[in-house]
4 protein chains.
Amino acid sequence: MPTTPQRPDPRTRPNPGRRSERSRAAILRATRELVSEVGYPRLSIEAIAARAGVGKQTIYRWWRSKGAVVFDAFLALSEGADGVVLPDTGDIEADLKEVLRATVAEFADPVFEAPIRALNMEVAGDPELAAQYRERLAAPVDEAKKERLRSAQRAGQIRADADLDLALELLYAPLYQRWLLRSAPLTPEYADALVEHVLRALRP
Amino acid sequence: MPTTPQRPDPRTRPNPGRRSERSRAAILRATRELVSEVGYPRLSIEAIAARAGVGKQTIYRWWRSKGAVVFDAFLALSEGADGVVLPDTGDIEADLKEVLRATVAEFADPVFEAPIRALNMEVAGDPELAAQYRERLAAPVDEAKKERLRSAQRAGQIRADADLDLALELLYAPLYQRWLLRSAPLTPEYADALVEHVLRALRP
Amino acid sequence: MPTTPQRPDPRTRPNPGRRSERSRAAILRATRELVSEVGYPRLSIEAIAARAGVGKQTIYRWWRSKGAVVFDAFLALSEGADGVVLPDTGDIEADLKEVLRATVAEFADPVFEAPIRALNMEVAGDPELAAQYRERLAAPVDEAKKERLRSAQRAGQIRADADLDLALELLYAPLYQRWLLRSAPLTPEYADALVEHVLRALRP
Amino acid sequence: MPTTPQRPDPRTRPNPGRRSERSRAAILRATRELVSEVGYPRLSIEAIAARAGVGKQTIYRWWRSKGAVVFDAFLALSEGADGVVLPDTGDIEADLKEVLRATVAEFADPVFEAPIRALNMEVAGDPELAAQYRERLAAPVDEAKKERLRSAQRAGQIRADADLDLALELLYAPLYQRWLLRSAPLTPEYADALVEHVLRALRP
DNA sequence: TGTTAATCGAGACGGTACGTCTAGTCTTGGC
DNA sequence: GCCAAGACTAGACGTACCGTCTCGATTAACA
């Protein structure tokens with residue numbers, strides 16, 4: 001599904017039916033492959049076009065920048081995960097530890113690591129992409145997380161007046177920072193400690 | 001002071017006295033100017049060399065990459081701030097709020113914002129630079145912050161067994177993340193709320 | 001008209017109609033100007049591209065080397081002189097003296113001298129260029145000269161079994177050598193003496 | 001022995017005894033090796049200095065240009081051949097054929113061919129070197145050749161009033177031209193034909 | 001014999017140009 | 001009118017050398 005302004009929505013698409021779905025898929029696929037192979041900074045539009053068997057203009061026609069292509073390429077992967085729901089065993093601490101440990105594992109997996117890092121670097125430098133990132137990737141996941149926290153509020157495990165946005169940041173930002181800047185090792189124990197500290201701040 | 005492997009320490013420097021201090025200073029100065037003028041992604045080694053009145057080889061001789069030059073350029077600025085000491089009024093909450101509000105203000109200042117963002121993007125993508133970053137920029141400041149937290153521990157305002165590294169991350173990572181990804185506005189009130197929440201987790 | 005292997009013939013041209021005639025002409029024109037201004041050894045592809053308002057790649061795309069560009073630049077000048085015919089008054093000695101005196105004059109003219117010398121130095125060092133030189137520049141002129149010698153044979157002024165290739169060399173090589181190595185002054189009298197000696201060797 | 005203006009003569013040498021003969025020999029030796037290995041156009045002063053274990057300045061101090069070094073390097077080889085004498089069996093035709101066949105063989109030997117060609121290209125482009133070339137390399141050999149022709153004059157095999165300089169050019173220039181421009185194959189038969197034609201022009 | 005000044009190896013310096021790569025635009029011809 | 005293909009201008013990349021300029025460290029002549 002389209003992401004960039006040029007093609008923001010399948011229903012609004014300028015020339016419906018004229019765009020080659022074949023080319024679009026080939027471009028995104030080539031982009032994913034190349035990011036894995038050479039890394040984001042060495043990725044070039046030339047190489048994408050060549051790999052995809054596509055004219056460069058076809059890329060420039062539909063995407064604003066290299067970052068936008070990469071964004072779409074990996075957005076396409078996470079799409080379909082729309083109905084994200086976090087586990088809810090009734091024990092918020094156990095559930096959060098599980099989720100954060102999963103995140104730690106994801107960050108450790110080089111297959112995911114490279115493109116996610118690329119995406120984050122690009123997002124850091126491009127406010128427009130950042131907005132896309134929030135709307136299309138972060139927001140749905142964050143909403144699911146907040147829903148789990150609300151459930152904990154109803155269960156009396158978290159203060160009723162807690163700022164859930166801040167709570168999410170307290171939970172995820174330290175992990176994110178360690179990963180992005182490689183400032184310290186990311187371990188399951190770290191995830192646990194993080195959850196324990198944050199819950200201490202959130203309990204009634 | 002030197003940062004890159006090629007010139008790791010003035011005392012260990014390969015050919016002491018042979019390197020032109022004049023050129024080194026001109027390069028770092030030109031780099032700072034150009035980052036401000038055109039931004040990091042549009043910064044080129046060619047332009048730095050031209051602006052500094054220096055041969056390109058002189059840059060390649062002493063720095064590994066564009067990122068390394070930028071790093072040194074801004075490192076040189078923060079140097080001299082070696083003996084960082086945080087305010088200590090005896091009230092850890094008030095002191096932390098002041099410090100975090102100052103950080104928020106710094107991130108809001110476009111003069112600092114652009115190069116720091118550039119540096120962070122570069123550090124995110126280059127493990128070697130990341131190590132330099134931790135050692136030379138982050139470590140001294142973090143140590144000062146931890147010293148203030150230790151003082152609070154002695155005053156009984158923070159638990160004696162608290163993990164201070166984690167405490168620092170809880171305080172700063174959410175702020176860092178909001179700034180880097182522009183995921184939400186950075187306000188003094190946010191800084192206050194952050195401090196309040198984190199202290200709740202750390203109190204005895 | 002094309003010279004280099006990459007574009008050997010307008011009819012065989014790889015992508016007919018794709019190459020920019022405008023750029024090609026600008027490049028050859030700029031080359032001629034620059035050879036005159038700074039001389040061949042100081043001629044650079046960078047400068048040609050800049051003067052022609054052309055990307056460097058456009059030069060590298062269609063020519064193998066600086067020498068090849070220079071070759072084409074001056075080949076383009078002599079083209080059109082395809083139907084060279086030497087004077088034929090019936091007196092072979094007078095006619096040859098006239099032609100060799102003209103060659104002497106040409107070598108003395110600094111406007112022609114510089115590029116021809118550049119071309120000869122390049123041809124001396126590059127067998128491929130040398131082949132082009134023979135085919136496209138030397139051959140037609142040599143053929144015209146041999147035709148005049150054949151006419152003299154028919155008139156009984158030159159032996160019927162004379163080796164005309166050798167005859168040409170005897171006539172022109174001494175002149176060429178004096179010019180190239182500047183081993184002695186080139187004068188009209190020298191041209192006359194040369195003709196007289198060579199004809200003595202060729203007469204029946 | 002010195003060649004360039006900076007060191008024109010051992011007796012006039014500015015600081016007699018100060019110059020390192022060791023360095024001079026190493027430079028010329030390295031130059032010969034490198035010309036053979038990479039060819040003249042790819043020869044660089046940097047490489048010569050590195051190979052010779054010499055500072056670049058030591059080369060620039062004593063030679064005007066790359067061409068001057070190469071010139072000296074190969075001049076040193078032919079020196080000692082001062083007292084060149086051509087064979088004199090009494091039969092000028094046989095003797096000249098032998099000498100020209102030897103020249104043809106020399107031009108065919110790749111060991112000699114490469115540096116001589118390099119030297120000729122350089123001499124063609126540098127009038128000052130050309131003068132050196134004439135004085136130090138060509139003159140002695142030409143004098144020996146003319147001496148043989150004079151002997152033939154005395155023997156009545158060549159006209160007494162023949163211009164011997166022109167005679168030499170008629171003999172050697174065609175051969176030189178064929179070799180330099182690779183305009184036709186150089187064979188012993190060609191040498192013979194050349195001698196026969198030229199002698200026909202010179203006989204009484 | 002010790003002084004002193006030129007030469008030496010070494011290599012950093014400001015530069016120019018190389019030949020390659022990519023950006024982003026434009027043009028052609030096929031579908 | 002989109003598409004693949006690829007030529008175009010533009011300009012940065014990182015490398016190779018240029019010729020000049022310090023640096024000490026020899027080193028040879030003179031004092």
Side-chain angles (χ1 to χ4, degrees), chain A residues 14-15 17-20 22-24 26 42-50 52-66, chain B residues 14-24 26 42-50 52-62 64-66, chain C residues 14-24 26 42-50 52-62 64-66, chain D residues 14-24 26 42-50 52-66:
Chain A
N15 294 296
R18 306 284 276 173
R19 177 169 184 183
S20 160
R22 180 191 233 312
S23 295
R24 189 180 158 272
R42 297 244 269 258
L43 177 69
S44 72
I45 302 246
E46 299 257 349
I48 296 173
V54 138
K56 284 199 292 175
Q57 202 59 275
T58 303
I59 300 182
Y60 285 109
R61 206 180 343 259
W62 299 107
W63 286 276
R64 247 190 344 110
S65 66
K66 185 175 79 164
Chain B
N15 294 297
R18 312 273 288 147
R19 178 167 183 183
S20 162
E21 180 55 30
R22 171 186 249 302
S23 295
R24 187 180 158 270
R42 295 243 262 266
L43 177 68
S44 72
I45 301 238
E46 297 252 352
I48 296 173
V54 139
K56 284 199 287 175
Q57 204 58 38
T58 302
I59 299 182
Y60 285 110
R61 190 160 19 235
W62 302 107
R64 255 191 335 112
S65 65
K66 185 175 80 164
Chain C
N15 295 295
R18 311 274 285 148
R19 178 169 184 182
S20 161
E21 181 54 29
R22 172 188 247 301
S23 295
R24 186 179 160 273
R42 294 244 262 265
L43 177 68
S44 74
I45 301 238
E46 299 252 352
I48 296 173
V54 139
K56 284 198 289 174
Q57 203 58 33
T58 301
I59 300 182
Y60 285 110
R61 195 166 8 245
W62 301 107
R64 256 190 336 111
S65 66
K66 186 175 78 165
Chain D
N15 296 293
R18 309 279 282 181
R19 177 167 183 185
S20 161
E21 180 55 29
R22 179 194 228 327
S23 295
R24 187 179 159 272
R42 297 245 267 261
L43 177 68
S44 72
I45 301 246
E46 298 253 352
I48 296 173
V54 139
K56 285 199 289 174
Q57 201 61 275
T58 302
I59 299 181
Y60 285 109
R61 202 176 349 255
W62 302 107
W63 287 276
R64 249 191 342 111
S65 66
K66 186 174 80 163

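Computed from a predicted structure; not experimentally measured. Letters A, B, ... are given to chains in the order of the sequence lines, protein chains preceding strands, and every chain is numbered from 1.
One interatomic measurement links the two molecules: CZ of A:R42 to C1' of E:dA23, which rounds to 18 Å at whole-angstrom precision. Whole-Å rounding puts the C:R22 CZ to E:dC26 C1' distance at 14 Å. One atom, CZ of B:R24, and another, C1' of E:dC13, lie 16 Å apart when rounded to the nearest Å. Between the CD1 atom of D:I59 and the P atom of E:dG11 there is a distance of 15 Å, given to the nearest Å.
Sequence order on DNA chain F of the closest nucleotides to C:G53 and A:A52 puts A:A52 first from the 5' end.
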Output a table of nitrogen or oxygen pairs between the protein and nucleotides 25-27 of chain F separated by less than 3.5 Å.
none

For nucleotides 18-21 of chain F, give me every protein contact, N/O to N/O, under 3.5 Å, one pair per line with atom names.
unit_1	atom_1	unit_2	atom_2	d
F:dC18	OP1	D:I45	N	3.1
F:dC18	OP2	D:I45	N	3.1
F:dC18	OP2	D:E46	N	3.0
F:dG19	OP2	D:Y60	OH	2.9
F:dG19	N7	D:K56	NZ	3.1
F:dG19	O6	D:K56	NZ	2.6
F:dC21	N4	D:Q57	NE2	2.4

Do A:I45 and A:Y60 pass the side chain to side chain contact (heavy atoms under 4.5 Å, CB included) test, and can you show the C-alpha distance, the side-chain angles, and the key distance before you say yes or no? CA-CA 9 Å; A:I45 302 246; A:Y60 285 109; 4.0 Å; yes
What do the steps show when you test D:T58 against D:R61 for side chain to side chain contact (heavy atoms under 4.5 Å, CB included), and what is the final call? CA-CA 5 Å; D:T58 302; D:R61 202 176 349 255; 3.7 Å; yes
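Taking only side-chain nitrogens and oxygens, C:S23 comes nearer than 4.0 Å to OP1 or OP2 of F:dT9. For A:W63 and E:dA23, the shortest distance from a side-chain N or O to OP1 or OP2 is not below 4.0 Å. The phosphate of E:dC8 (OP1 or OP2) has a side-chain N or O of D:W62 nearer than 4.0 angstrom. Within the structure, a side-chain polar atom (N or O) of B:T58 is placed less than 4.0 Å from OP1 or OP2 of E:dG14. The phosphate of F:dC2 has neither OP1 nor OP2 within less than 4.0 Å of any side-chain N or O from A:R61.
In this structure, C:G55 and C:A49 approach most closely via the heavy-atom pair C-CB, 4.3 Å. Across every non-hydrogen atom of C:A26 and C:A52, the tightest pair is O-CB, 3.5 Å.
Looking at heavy atoms from C-beta onward, D:W62 lies out of side-chain contact with D:Q57 at the 4.5 angstrom threshold.
With sequence neighbours excluded, no residue satisfies salt bridge (charged side-chain N to carboxylate O under 4.0 Å, His left out) with B:K66.
The distance from atom OG of D:S23 to atom CD of D:E21, rounded to the nearest 0.5 Å, is 9.0 Å. The distance from the CD1 atom of B:I59 to the CD atom of B:E46 is 9.5 Å, given to the nearest 0.5 Å.
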